[in-house]
Amino acid sequence: MCRSIKTLRPPATEEVTDDDIRAAALQYVRKVSGFRRPAAHNQAVFDRAVEEVTRATVALLADLEVRGTRSRA
């Protein structure tokens, strides 16, 4: 769907920054909404969607168990 969104889990990516996660969320919201930059009257809802997708991505990455990788705990 979004070819410019990179995989953010090991082993594909060892170190993921907050900027990486937010950039992926932004690309996703842009793709789904069809807007690269929303009009002023849609800016708040666009920004809210990016933040919600960012939070969901952080939770997903924190809870994933990937076979073949060792726990860092």
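All values reported here derive from a predicted model rather than from experimental measurement.
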Q: Consider only side-chain heavy atoms of I, L, V, M, F, W and Y, link residues closer than 4.5 Å, and tell whether Val45 and Val29 are in one cluster.
A: no
Q. Would a hydrophobic clustering, with Ile, Leu, Val, Met, Phe, Trp and Tyr connected at side-chain separations under 4.5 Å, put Leu64 with Val58?
A. yes
So, the side chain of [X] versus the backbone of [Y]: is there a donor-acceptor pair under 3.5 Å, distance only?
X: Arg30; Y: Arg36; result: yes
X: Thr13; Y: Val16; result: no
X: Thr7; Y: Ala12; result: no

Q: Check whether any side-chain heavy atom of Leu26 lies under 4.5 Å from a side-chain heavy atom of Phe46, and answer yes or no.
A: yes
Q: Check whether any side-chain heavy atom of Thr57 lies under 4.5 Å from a side-chain heavy atom of Leu60, and answer yes or no.
A: no
Q: Go through Gln43 and Arg37 one step at a time and tell me if the side-chain contact (heavy atoms from CB on, under 4.5 Å) criterion holds.
A: CA-CA 8 Å; Gln43 189 67 55; Arg37 288 188 181 193; over 6 Å; no
Q. Atom CD1 of Ile21 and atom CZ of Arg55: how far apart are they, to the nearest 0.5 Å?
A.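 Taking CD1 in Ile21 and CZ in Arg55, the distance rounds to 13.0 Å.
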Q: Any chance you could measure Leu61, atom CG, to Asp20, atom CG, to the nearest 0.5 Å?
A: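 That separation rounds to 10.0 Å.
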Q | Minimum heavy-atom distance between Arg9 and Val66, given as atom pair plus value | A | NH1-CG1, 3.7 Å
